Undergrad: 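Before I ask anything, let me first share the structure, which is written out below as structure tokens.
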Amino acid sequence: MPRLSEVIAALENLWPAERAESWDAVGTVVGDPDQEVTRVLFAVDPVREIVDEAVRLGADLLVTHHPLYLRGTTTVAASHFKGRVVHTLIKNDIALHVAHTNADTADPGVSDALAGALDLRVVRPLVPDPTDPNGRRGLGRVCALDHPLTLRELAGRAAERLPATAQGIRVAGDPEAVIRTIAVSGGSGDSLFDQVRAAGVDAFLTADLRHHPASEAVAHSPLALLDAAHWATEWPWCELAAGQLDEISDRHGWDLRVHVSTTVTDPWTAHAASSVTTS
């Protein structure tokens, strides 16, 4: 069985910490480098439900996309829910490793997984990483559809292919507009509207779109918007990442058992639709 330090080295090769944004908090949060690893669980959020799942599973390593302490802390007291997570992990010999913005811009990364879930053909990064000579890394992806779909059909595909959440898929634009090209960005994407407009795509699928940026975006052009739940747009990366670690395990003869959590940790739990009017 590999030691934690060996598995972490493999993960750091996939998502180097130096490629994370300066404000980010990535890497190993807890864990003994010398402990053996036999079972790994991938998830989006390092919350109590996921940690309890890791305990039940008998995992030695939990890999999440979102950081536990994004803005730092001065305490890990178990009286706070994040401190309780740390205590539970340590008591059960479970390491925690985070790959956040370094996984967003990776090749393949979070947006590649999102595009793959929707059967979109990736053309190029939306915001290329200037340090990548091959032009494949970067934030978001510009994609093409194999055949045109209406915005209504594309939204239906997204609702069907992405994990179910209370929000579902919100849409801005003419439902019958024909979509041939689309930009996607896993997680919060309304800071990317300038790049999306410059890409000249028909639609943009992301999460956490706010009223004013979305309103201004559709006023600028006929750009269609699809707004999914943040968790749902990033969950496909867990399957991608688990497959990458599986391949590494096979290559090294580690015989790791790699799992992906299907526990929904999106914070929204219900949705009440407004009455539809034709006025």
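All residue numbers refer to positions in the sequence shown, counting from 1. Remember, predicted model here, so these are calculated numbers, not experimental data.
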Undergrad: Using modelled atom types and a 3.5 Å cut-off, is there a donor and acceptor pairing between side-chain atoms of T105 and backbone atoms of L139?
TA: no

Undergrad: Salt-bridged, R251 to E247, with N to O below 4.0 Å?
TA: yes

Undergrad: Looking at side-chain heavy atoms only, is the closest gap between T206 and F193 below 4.5 Å?
TA: no

Undergrad: What heavy-atom pair brings V122 and A115 nearest, and what distance separates the two atoms?
TA: CG2-CB, 3.8 Å

Undergrad: Indicate yes or no for a side-chain donor-acceptor contact from T101 to the backbone of E21 under 3.5 Å, with no hydrogens or angles considered.
TA: yes

Undergrad: Say whether, by atom type as modelled, one donor and one acceptor occur between the side chain of D104 and the main chain of V110 under 3.5 angstrom.
TA: no

Undergrad: With sequence neighbours left out, write down each residue that passes side-chain contact (heavy atoms from CB on, under 4.5 Å) with T265, or none if nothing qualifies.
TA: D45, V47, I50, W231, T263

Undergrad: Would you mind checking if D60 and R39 are paired as a salt bridge, meaning a charged N to carboxylate O distance below 4.0 Å?
TA: no

Undergrad: Just by modelled atom types, is the D202 backbone N or O under 3.5 Å from a matching donor or acceptor in the T181 side chain?
TA: yes

Undergrad: Is the backbone N or O of L149 less than 3.5 Å from a side-chain atom of R152, with the two atoms forming a donor-acceptor pair by type?
TA: no

Undergrad: State whether the side chain of S249 and the backbone N or O of L256 hold a donor-acceptor pair below 3.5 Å, judged by distance alone.
TA: yes

Undergrad: Distance-only, no hydrogens or angles: does the R121 side chain make a donor-acceptor pair with backbone N or O of D146 under 3.5 Å?
TA: no

Undergrad: So do F204 and S185 actually touch side chain to side chain, heavy atoms under 4.5 Å?
TA: yes

Undergrad: Do you see a donor-acceptor pair shorter than 3.5 Å between the side chains of T165 and D266?
TA: no

Undergrad: With a 4.5 Å limit on heavy-atom distance, are the side chains of K82 and Y69 in contact?
TA: yes

Undergrad: Got L61 and L41 here, is their nearest side-chain heavy-atom distance under 4.5 Å?
TA: no

Undergrad: Would you say V264 and W235 make side-chain contact, with heavy atoms under 4.5 Å?
TA: no

Undergrad: Quick check: closest heavy atoms across A242 and V260, and the distance to 0.1 Å?
TA: CB-CG2, 3.5 Å

Undergrad: Let me check something: do V201 and L226 share a hydrophobic cluster, defined by ILVMFWY side-chain heavy atoms less than 4.5 Å apart, either directly or through other members?
TA: no

Undergrad: Indicate yes or no for a side-chain donor-acceptor contact from H87 to the backbone of S79 under 3.5 Å, with no hydrogens or angles considered.
TA: no

Undergrad: Using atom types as modelled and distance alone, determine if a side-chain donor or acceptor of Q35 lies under 3.5 Å from a backbone N or O of D93.
TA: yes

Undergrad: Using only heavy-atom distances, determine whether the side chains of T131 and R137 contain a donor-acceptor pair under 3.5 Å.
TA: yes

Undergrad: Using the ring of each side chain (for Trp, its six-membered ring), is H65 parallel, tilted or perpendicular to W237, with breaks at 30° and 60°?
TA: tilted

Undergrad: Could you check whether any side-chain N or O of D24 sits under 3.5 Å from a backbone N or O of S22, counting only pairs where one atom can act as donor and the other as acceptor?
TA: no

Undergrad: Heavy atoms, side chains only, cut-off 4.5 Å: are V7 and W254 in contact?
TA: yes

Undergrad: Is any side-chain heavy atom of L154 closer than 4.5 Å to a side-chain heavy atom of L205?
TA: no

Undergrad: Nearest heavy-atom pair of T28 and H97: which atoms, and what distance?
TA: OG1-ND1, 2.9 Å

Undergrad: Write out all pairs satisfying salt bridge (charged side-chain N to carboxylate O under 4.0 Å, His left out) with one or both partners inside residues 209-237, taking only residues at least two apart or from two chains.
TA: R170-D227, D190-R210

Undergrad: Inspect the surroundings of CZ in R136 and state if more than 12 heavy atoms from other residues, nucleotides or ligands are less than 6.0 Å away.
TA: no

Undergrad: How about NE2 on H80, more than 12 heavy atoms from neighbouring residues, nucleotides or ligands closer than 6.0 Å, or not?
TA: yes

Undergrad: Is it the case that atom CG in D34 sees more than 12 heavy atoms from other parts of the structure closer than 6.0 Å?
TA: yes

Undergrad: Would you say that V37 contacts M1 through its side chain, given a criterion of any heavy-atom pair below 4.5 Å between the two side chains?
TA: no

